Undergrad: 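Just passing along the structure, written as structure tokens.
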Amino acid sequence: MDVFGPNHFPDTAMAVQRLTRVLVIDDDACIGAAIQAILARRNCETEVASRAHAGIHALESSNFDLAMIDLFLPGMSGIDTITHVRRISAIPIVAMSGFRLHPSPGSQDYLDMAVRCGASTWLRKPFSPQQLIAAIDRSFTEASASQGLVQ
Amino acid sequence: MKKLATENLLIGAHEDGELPIKRSQAASEVVAAVAHQLSGPLTALLLYVGDINLACDRLPIDENERRSLKTTAEHALHEAERACALIQQIAEACATPLPGAIALADGRDIIAWWSRTTAAAGRATDVDPVAANASYRLLTPREQEVLQLISQGLTNKEGALRLNIGPRTFESHRARIMRKFKAKNAAGLVRMVLQVDQTGDGSRTRPAASPEPCHANSEAAE
């Protein structure tokens, strides 16, 4: 018996309740696995891609409600990945990073840059379940707000 | 200030000179890499423990048991949060490059930086072709010959016979090659050598797993 069962959490009133499928693009397998475990108990299916192109392929070939993208990926940077994903889809994107790196002193950091390139919001690692849920919530609000602007 | 403290701790307080600058750059990259690598497992830990803590409130067990389990979960969460705060501090300290330190000009540099730091933290998931080629260029002509024979599957004895040298000499060439490629074993060496562009025209320096360039200034290799 799963004593934890789905829908036993105080956060189920939030956007996470509307989620059915999430894509995580992160080369660190433990992040994908942890997000998968957390969301599974909230009735949400998670697919994990460890490379940008695999993630983009998954987005092109099936439907997701949300994408969580790490900014430091091998092969193609997270910023480029977000730019590309934004071209093919309007889904909420959460940019993740363990860093607030500045390209040069005094400039914008990569998390802000990610948002400028189309991410709906960002989430700094390490994050707690509450922070994850809050970021998902925020990404839905932001994504629908920017869609409203387009229309 | 935190940055200086971290660096001084690692390399001693060097103020000037090219070597100390290089060493401090290397040390700071290793620190950044370790912080970056740790952020994954720590995030996972925080997620798991945090979720268990949330679930404790809803467990169908008697009140005493629930309370003691909740205490355990809260302690675990507290420790996880402490570790996370520490790693964020370290990441923060390495976040803004000093003048002349880690230059991160564009996406291309991020990826190069990522490759270097991942390798530095010893958790490289892919072989970096740029590093493999750089290592290959460090080989002497003799070492290149030896490498050629190793990749043909020859044993130390067979290779030594082929080159007309002693097996111990062949072995020492082999050891130097391993060191130059930073390979821990023959399998690691093979993985590196597969990425080496031996024609020298750079046509194979693009990572094998790299996707098609998706817009003009996006791609890193080359």
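Remember, predicted model here, so these are calculated numbers, not experimental data.
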Undergrad: Under 4.5 Å from any heavy atom of chain B, what part of A:Ala54 do you find: side chain, backbone, both or neither?
TA: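 Nothing of A:Ala54, per the 4.5 Å heavy-atom cut-off to chain B.
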
Undergrad: Please determine whether the number of non-hydrogen atoms from other residues, nucleotides or ligands lying under 6.0 Å from atom CG of A:Asn63 exceeds 12.
TA: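 No, not enclosed.
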
Undergrad: Any idea which heavy atoms bring B:Thr43 and A:Pro126 closest together, and the distance?
TA: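 Closest pair (atom of B:Thr43, atom of A:Pro126, distance): OG1-CA, 3.0 Å.
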
Undergrad: Just checking B:Lys182: does its NZ atom have more than 12 heavy atoms from other residues, nucleotides or ligands closer to it than 6.0 angstrom?
TA: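 Open.
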
Undergrad: What heavy-atom pair brings B:Gly40 and A:Cys30 nearest, and what distance separates the two atoms?
TA: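 B:Gly40 and A:Cys30 have their closest heavy atoms at C-SG, 3.5 Å.
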
Undergrad: Taking the side chain as C-beta and beyond, is there a heavy-atom pair between B:Leu47 and A:Phe127 under 4.5 Å?
TA: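 Side chain of B:Leu47 against side chain of A:Phe127, heavy atoms only: contact under 4.5 Å found.
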
Undergrad: Name the region of B:Leu45, side chain, backbone, both or neither, that has any atom closer than 4.5 Å to a heavy atom of chain A.
TA: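 B:Leu45 has no heavy atom closer than 4.5 Å to chain A.
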
Undergrad: Could you report the tightest heavy-atom contact between A:Ser128 and B:Leu46, atom names first, then the distance?
TA: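 Distance-wise, the nearest heavy atoms are N-CD2, 3.6 Å.
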
Undergrad: How long is the span from the CD1 atom in A:Ile38 to the CG atom in B:Leu54, to the nearest 0.5 Å?
TA: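 If I round to the nearest 0.5 Å, the distance is 8.5 Å.
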
Undergrad: At a 4.5 Å cut-off on heavy atoms, which part of A:Ile56 comes close to chain B: side chain, backbone, both, or neither?
TA: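 A:Ile56 has no heavy atom closer than 4.5 Å to chain B.
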
Undergrad: Could you check if a side-chain atom of A:Gln130 sits within less than 4.5 angstrom of a side-chain atom of B:Asn53, using non-hydrogen atoms only?
TA: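 The answer is no, as the side chains (C-beta and beyond) never meet within the 4.5 Å cut-off.
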
Undergrad: Would you check if A:Ile31 and B:Ser39 make a side-chain contact, meaning some heavy-atom pair closer than 4.5 Å?
TA: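 With C-beta onward as the side chain, the pair stays apart.
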
